[in-house]
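Note on naming: letters A, B, ... go to the chains in the order of the sequence lines (proteins, then strands), and numbering restarts at 1 for each one.
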Amino acid sequence: MDKSISEFARHVYLTTKMIPFGCVATYTDIANKMGKPKAVRAIGNALHNNPQMIIIPCHRVVNIQGKLAKNFGFHGADGQKELLEKEGVVVINNQVDLCEYRVKELK
DNA sequence: TATTTGACGATTT
DNA sequence: CAAATCGCCAAAT
């Protein structure tokens with residue numbers, strides 16, 4: 001256990017890991033699940049600082065518009081896009097169809 | 001301790 | 001539709 005990670009960040013990572021294969025979730029969904037719908041920025045920050053970005057499916061996290069992260073830690077939005085398409089998620093213009101892949105209930 | 005920054009969101013121009 | 005602006009939160013400097 002790495003205690004250098006705050007409880008908040010850990011909470012973010014755990015919630016992110018709940019996203020099922022082939023699906024995506026928005027920052028807002030995670031924030032809402034954590035009970036802090038206004039902490040979307042802090043969440044994005046935590047994921048960017050993500051020390052274990054490979055074991056955490058952060059590529060399944062997109063913004064409310066289904067748009068990918070422009071500064072994705074691995075290969076920018078392109079890397080995130082490829083990881084998603086590899087899971088069967090269609091990405092068009094760095095954007096996914098939320099109506100099709102967004103997780104209805106994160107639990 | 002105070003200021004700045006940022007993988008965001010919603011609203012306004 | 002794109003850019004600017006404000007709000008909100010946690011971490012970094």
- [ ] Have a look at A:T28 and say if it touches a base, only the backbone sugar-phosphate, or nothing, with a 4.0 Å heavy-atom cut-off.
- [x]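 Touches sugar-phosphate only.
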TODO: Just name whichever nucleotide pairs with C:dC1, Watson-Crick or G-U, keeping both distances under 3.5 Å, else none.
DONE: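 Its partner: none found.
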Shortest non-hydrogen contact from [X] toward [Y]:
| X | Y | value |
| --- | --- | --- |
| A:I5 | A:Y13 | CG2-CE1, 3.7 Å |
| A:N63 | A:L98 | O-CD1, 4.3 Å |
| A:I56 | A:K17 | CG1-CE, 3.9 Å |
| A:C23 | A:V103 | CB-CG2, 3.6 Å |

Could you state the atom-to-atom distance from [atom1] of [X] to [atom2] of [N] in whole Å?
| X | N | atom1 | atom2 | value |
| --- | --- | --- | --- | --- |
| A:K67 | B:dA10 | NZ | P | 16 Å |
| A:N93 | C:dC1 | CG | P | 12 Å |
| A:Q80 | B:dC8 | CD | P | 10 Å |
| A:L47 | B:dC8 | CG | P | 10 Å |

TODO: Measure the CD1-CD distance between A:I92 and A:E85 for me, rounded to the nearest 0.5 Å.
DONE: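 It is 9.0 Å, given to the nearest 0.5 Å.
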- [ ] Run through A:K81, A:E87, A:K86 and flag the one making a side-chain hydrogen bond (donor to acceptor under 3.5 Å, both in side chains) with A:H59.
- [x]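 Per the side-chain hydrogen bond (donor to acceptor under 3.5 Å, both in side chains) rule, the option paired with A:H59 is A:E87, out of A:K81, A:E87, A:K86.
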Open item on the list: Using a 4.0 Å heavy-atom cut-off to protein, can you give one letter per nucleotide of nucleotides 6-13 of chain C, 5' to 3': B if the base is in contact, S if only the sugar-phosphate is, - if neither?
Closed with: -BBBBSS-
